[in-house]
Amino acid sequence: RWVFYVNVPIGIVLMALVPRVLKETEASNGRVDLPGALASTVGMSLLVYALISASSFGLTSARSLGSLAGALLLLGFFAHHERRTPEPLLPLSLLASRNRVAAYLALLLVIAGNFGMFFFATQYLQGILGLDPVETGIAYLPMALTLMAMARIVPRMLRTLSARALILTGTTLQAIAMLWLSRLQVDSTYLSGIIGPMILIGLSMGLCTIPLTAVSLSSVEPRSSGAASGLTQSMRSVGGSVGLAVLVSVFGFATSHPGAAAAKGGAEGVFVLGTTRAFLAAAGFALLAFVGTLLFIRMPKRARQIATAERNKALARRYVEMLATGETSGAHEILHPTSFDHTHRDSSGVSGVIEAIAAKHRDGAGVQIVIDRMISEGDHVAVHSTVHGHPGTNGSATGIM
């Protein structure tokens, strides 16, 4: 229980620091999408329950089929409702990007496999190897330390390698780790059967989760950034819940099979048989994530191109903001070639947009520059700007950068 109590003082410290450190966001008049929240939450809960109950009552049982039907009905209503409501919990425009959808699904699959590993490896360490809870926690340290190291290394790797390459490498390592764990026996040891896969999983988690999060959040309009971030976190939660439900069902089917009683080692042998089958299914999750990334995520070969394009976008945004507030002298310095890469292959059209905006701004005081929308995809962004002011100064400018 102290695992939960120890978070209380941490939460109190955060509550004290947040008002002093974080800047308050602008007030919003929007409404909470309660029908969408209820439909999605209850629908996903029923889906998880249907998957878990399938191992105990069978796939064709009234309980499993009824839960699955309720889940599909509520999730279908959620999709229909989000399309029609003016303030959706999940703007469906976020799903228009192939890269983003593929990243969401890959993240779900990666987390699904990892949650299953935590669940079954913990039981194996305590039930088969006889470790107590503290020793089991220590047994996870190689994975945790590896993941901590990767969290510092991967952002640097993204400067020279594409996110897609890192994700493919990470999902490959995860599949190898799960296949390695599927070879566990009753007489396996921590050194021979556990520590190696744990280190690989630490490497794979660092190589997968950071680039997948970056891809899922890249090129999102500011007004949708909160929803995109929330959906990324939801993929983690849903992946863990659904993935564990599937793997527990695989375990249940394997251990209830008539041939399971013949497993070597008695009850422990039956447990290990079910556990290894669950690890095989987790390897399947990793392979699906690999295939999805390979087929659907398209990124520039060099992350340097992404960094340059993102820097250009940020500088252009800052330029427009400074013009709008009258900081014209500082604004022009932003677009100096030492800062803004005018030779970048995706900077075509930027100069035209900015020059048109600047010309309108010079026409008279009191001119207001408004960015109507910035639609991004990959390392491209379309800027639609409107200038409002004195008669004769109104106009618009559009371009690609």
Side-chain angles (χ1 to χ4, degrees), residues 90-91 93-114 146-174 201-240 285-286 288-318 341 344-346 374-382 401:
L90 171 61
S93 59
L94 290 176
L95 305 181
S97 167
R98 184 180 68 176
N99 275 2
R100 190 173 301 119
V101 171
Y104 284 144
L105 294 178
L107 183 61
L108 183 149
L109 290 167
V110 167
I111 297 299
N114 284 334
T146 304
L147 178 57
M148 289 173 61
M150 294 303 294
R152 298 181 64 87
I153 296 172
V154 169
R156 299 177 185 177
M157 297 174 69
L158 281 170
R159 299 175 185 173
T160 55
L161 297 171
S162 73
R164 181 172 180 262
L166 295 181
I167 298 167
L168 291 173
T169 304
T171 50
T172 300
L173 292 178
Q174 184 177 0
I201 289 171
L203 292 171
S204 70
M205 288 174 66
L207 289 170
C208 288
T209 54
I210 296 175
L212 282 172
T213 301
V215 173
S216 65
L217 297 178
S218 66
S219 306
V220 175
E221 294 183 69
R223 62 185 176 86
S224 300
S225 59
S229 179
L231 187 54
T232 300
Q233 295 303 317
S234 295
M235 288 299 104
R236 296 173 181 269
S237 300
V238 172
F285 289 153
L288 285 175
F290 176 91
V291 172
T293 300
L294 183 67
L295 295 180
F296 300 113
I297 293 183
R298 290 289 179 266
M299 304 292 289
K301 293 183 179 180
R302 307 295 288 182
R304 195 186 308 273
Q305 295 175 335
I306 300 176
T308 301
E310 291 297 328
R311 184 173 62 251
N312 278 358
K313 294 179 199 176
L315 289 172
R317 286 193 187 98
R318 180 59 181 152
D341 186 0
H344 189 267
R345 64 184 180 84
D346 294 307
M374 298 181 73
I375 304 174
S376 303
E377 177 63 34
D379 55 356
H380 301 265
V381 59
M401 62 175 160

- prompt: Roughly how far apart are Thr171 OG1 and Leu166 CG, rounded to 0.5 Å?
  reply: 10.5 Å
statement: Scanning both residues in full, the closest heavy-atom pair of Leu207 with Gly170 reads CB-CA, 3.8 Å
message: Please report the interatomic distance CG(Leu212) to CG(Leu108), rounded to the nearest 0.5 Å.
response: 11.0 Å
- prompt: Does Val101 have any side chain to side chain contact (heavy atoms under 4.5 Å, CB included) partners at least two apart in sequence or in another chain, and if so, which?
  reply: Leu95, Leu105
field: Counterpart residues, side chain to side chain contact (heavy atoms under 4.5 Å, CB included), relative to Thr293 (two or more places apart)
entry: Ala106, Arg164, Ile167, Leu168, Ile297
query: Quick one: are Met150 and Ile210 in side-chain contact, heavy atoms under 4.5 Å?
result: no
field: Results of side chain to side chain contact (heavy atoms under 4.5 Å, CB included) for Leu147 - residues two or more places apart only
entry: Met205
query: side chain to side chain contact (heavy atoms under 4.5 Å, CB included) with Leu109: which residues, sequence neighbours excluded?
result: Phe285, Leu288, Ala289
message: Among residues at least two apart in sequence or on other chains, which ones pass side-chain hydrogen bond (donor to acceptor under 3.5 Å, both in side chains) with Thr213?
response: Arg236
task: Starting at CZ of Arg100, measure out to OG of Ser93 and round the result to the nearest 0.5 Å.
output: 8.0 Å
message: To the closest 0.5 Å, what do you measure between CG (Asn99) and OH (Tyr104)?
response: 11.5 Å
Would you list the atom pairs, donor with acceptor, under 3.5 Å between side chains in residues 226-235 and any protein atom, with sequence neighbours excluded?
from   : atom 1 : to     : atom 2 : distance (Å)
Thr232 : OG1    : Ser216 : OG     : 3.1
Thr232 : OG1    : Ala228 : O      : 3.0
Ser234 : OG     : Gly230 : O      : 2.9

